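Below: the structure, in structure tokens.
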Amino acid sequence: MQKVELPATAHSGRRLAAAVILLVVGVVALAYAFTGLFAAKKGWQEIEADTKNGEIGCGGDFVLLYELGASGESVSAEKRGLTAVYTDATVQAARLFDSALSYEGVHNIWYINRHPNEAVDVDPALYQALEQVAASGDRSLYLGPVYEIYNGLFSCADDAQTADFDPRQNASLREYFARCAAYGADPSSVDLELLGDGKVKLVVSEEYLAFAREQEIERFIDLYWMKNAFIADYLAQTLIENGYTRGALSSYDGFMCNLGGGEESFAIDVYDRAVPAGSMTYAGQMSLVYLRGYPGNGMDGRRFYEMADNTVLSAYLDPADGLCKTAWDDLLAYARGGSCGRTVLALAPLFVAERPDTGGLEALAREGIFTVRCENGQVRCTDPDLPVTAEEGYTAVFSGE
């Protein structure tokens, strides 16, 4: 069985971005250096979405590595077909899960927010994602007004600007966040009803609507930091349905899908706050979620702000009060044959918390969602098969009942 590894060297431009993304979230890479990426050559290559004419896609958030030439089809034809399918999927996903922009004929999250208390027909992919959120009981979806303001934090040039967006520094903002969170936590104030046949209704109470008009709120729901988990599932499902299964997909913010069609094994690095601590090896169809409580790559400015005193403010907001919290610096979770969406929904209440809950991680293991974390010089894994190895100075141990 061939093991797919990330090359230690990085190149400039797009290749550097791909290498950094893959290295930081610990995903896969290739036994060969990234050469000839744009040539139709047999073997592992990066496949880029080919968006044109000003189309908005989400391909920039993802890296797709694929083994060309194993299907029996000509490599050139396979690459063209794969690129077309992947490109179309990234454009469609960007539109469906967008909470900030509207698109003609697309009933996306933006559209749902603008039509409260109305039944709305949505695409099956969006319906499936919202169905998973509803089934989980997680109320992070309803922090839309908070997310909209908090986004401004990540655009701040210096600490002096952060008080307008950080509720920990701004008492009136903290009160506003708490009130929005209270509405969001209350199903009688706001709730998403799944009506079947691809129809959803965002039910908002008259009291909350009045508050929204007063505060100029237009965004009741938003998948926010979880969005790429559901997009990763959609992209992976689309590729598999079109016969493209010999690849691995990863996002810059830690959502990964191995498509499961080859016999290669993959190595994922595990970090202890940016220090390499070990790695996990796996094969077959797998969904993985790697959450970090600190910025680790060039794109993380979109979801982290580090203060001058090294305090890190992140996009991980607690639905109880709207404040950012992370219980671990690094937490890897995976489910064999599962989905990133279900995995992140199960993990969120444990990661977005004041303090670690190891008992909660062990409970997830009983549901088939295993985790890897670092603690006191140990790489602790809740999988009894212990598919992890440790770097020098660390020990790999099973952490279970």
Side-chain angles (χ1 to χ4, degrees), residues 58 93-103 106-120 122-123 126-127 129-155 164-167 170 172-194 200-231 253 302-303 313-325 341 344-345 348-349 352:
C58 59
R95 293 176 175 177
L96 290 178
F97 292 92
D98 201 329
S99 61
L101 298 174
S102 63
Y103 304 86
V106 178
H107 292 177
N108 59 4
I109 293 178
W110 181 96
Y111 187 92
I112 296 171
N113 277 320
R114 281 8 179 238
H115 294 81
N117 299 314
E118 297 179 22
V120 176
V122 298
D123 185 273
L126 180 55
Y127 189 90
L130 295 175
E131 191 173 39
Q132 290 178 17
V133 175
S136 75
D138 186 271
R139 301 292 293 182
S140 302
L141 176 72
Y142 301 100
L143 283 180
V146 172
Y147 294 144
E148 192 167 14
I149 290 178
Y150 210 71
N151 266 338
L153 177 70
F154 307 125
S155 300
D164 290 334
F165 308 101
D166 180 14
N170 185 322
S172 62
L173 189 61
R174 184 167 185 150
E175 182 180 349
Y176 173 76
F177 275 31
R179 188 165 180 185
C180 290
Y183 279 123
D186 180 10
S188 68
S189 293
V190 58
D191 206 30
L192 193 67
E193 292 186 355
L194 301 168
V200 301
K201 180 191 286 188
L202 178 62
V203 180
V204 185
S205 70
E206 287 300 321
E207 179 186 337
Y208 191 12
L209 284 174
F211 176 73
R213 286 191 292 269
E214 177 187 327
Q215 300 295 326
E216 300 182 342
I217 291 170
E218 294 183 321
R219 189 179 302 187
F220 297 99
I221 62 171
D222 192 343
L223 289 169
Y224 202 51
W225 67 268
M226 295 186 188
K227 180 175 74 170
N228 277 343
F230 298 99
I231 290 180
D253 47 355
R302 295 160 56 180
R303 60 195 187 111
L313 306 174
S314 74
Y316 302 113
L317 305 188
D318 187 342
D321 54 19
L323 302 182
C324 68
K325 300 170 186 175
V344 77
L345 286 166
V352 186

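Given the structure is predicted, the values throughout are model-derived calculations rather than measurements.
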For a side chain to side chain contact (heavy atoms under 4.5 Å, CB included) check, start with the C-alpha distance between Trp225 and Val344, then their side-chain angles and the critical distance, and finish with the verdict. CA-CA 10 Å; Trp225 67 268; Val344 77; 3.5 Å; yes

Would Glu218 and Trp110 count as a side chain to side chain contact (heavy atoms under 4.5 Å, CB included) if you check the C-alpha gap in whole Å, the side-chain angles of each, and the deciding distance to 0.1 Å? CA-CA 9 Å; Glu218 294 183 321; Trp110 181 96; over 6 Å; no

Any chance the side chains of Asn151 and Tyr224 put a donor and an acceptor closer than 3.5 Å?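 Result is yes, a qualifying pair exists.
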
Can you tell me how far apart [atom1] ([X]) and [atom2] ([Y]) are? Round to the nearest 0.5 Å.
X      : Y      : atom1 : atom2 : answer
Leu223 : Ile231 : CG    : CD1   : 8.5 Å
His107 : Ser102 : NE2   : OG    : 11.0 Å
Leu143 : Leu317 : CG    : CG    : 6.5 Å
Ser314 : Leu153 : OG    : CG    : 9.5 Å
Leu192 : Lys201 : CG    : NZ    : 11.0 Å
Ile217 : Phe211 : CD1   : CZ    : 4.5 Å

Derivation of the salt bridge (Lys or Arg N to Asp or Glu O under 4.0 Å) call for Arg139 and Asp191: CA-CA 9 Å; Arg139 301 292 293 182; Asp191 206 30; 2.9 Å; yes

Can you tell me if Glu216 has over 12 outside heavy atoms packed within less than 6.0 Å of its CD?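 No.
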
Report, as yes or no, whether the 6.0 Å neighbourhood of atom CD on Gln215 holds more than 12 heavy atoms from other residues, nucleotides or ligands.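 Result for CD/Gln215: enclosed.
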
Do the rings of Phe230 and Phe97 sit parallel, tilted or perpendicular, given the 30° and 60° boundaries?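 Rings of Phe230 and Phe97: parallel, under 30°.
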
Parallel, tilted or perpendicular: which fits the ring planes of Tyr150 and Phe154, with parallel below 30° and perpendicular above 60°?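 The rings of Tyr150 and Phe154 stand perpendicular, inter-plane angle above 60°.
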
Taking all atoms of both residues into account, what is the closest heavy-atom pair of [X] and [Y], and its distance?
X      : Y      : result
Leu130 : Leu194 : O-CD1, 4.2 Å
Cys180 : Pro145 : SG-CB, 3.8 Å
Pro187 : Ala185 : CD-O, 3.3 Å
Leu173 : Pro167 : CD2-N, 3.8 Å
Gly184 : Val190 : CA-CG1, 3.8 Å
Leu345 : Pro349 : O-CD, 3.4 Å

For the pair Ser140 and Tyr147, evaluate side chain to side chain contact (heavy atoms under 4.5 Å, CB included) and give the outcome as yes or no after the intermediate values. CA-CA 10 Å; Ser140 302; Tyr147 294 144; 3.6 Å; yes

How about [X] and [Y]: do any of their side-chain heavy atoms sit closer than 4.5 Å?
X      : Y      : result
Glu148 : Asp222 : no
Asp138 : Met226 : yes
Val200 : Glu131 : no
Tyr103 : Asn108 : yes
Val133 : Ile221 : no
Tyr127 : Val122 : yes
Phe177 : Ile149 : yes
Asp98  : Val106 : no

Any donor and acceptor pair, going by atom type alone, linking the side chain of Asn113 with main-chain N or O of Phe220 inside 3.5 Å?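 Answer holds: yes.
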
Verdict with supporting geometry, Leu323 and Arg174, side chain to side chain contact (heavy atoms under 4.5 Å, CB included): CA-CA 8 Å; Leu323 302 182; Arg174 184 167 185 150; 3.4 Å; yes

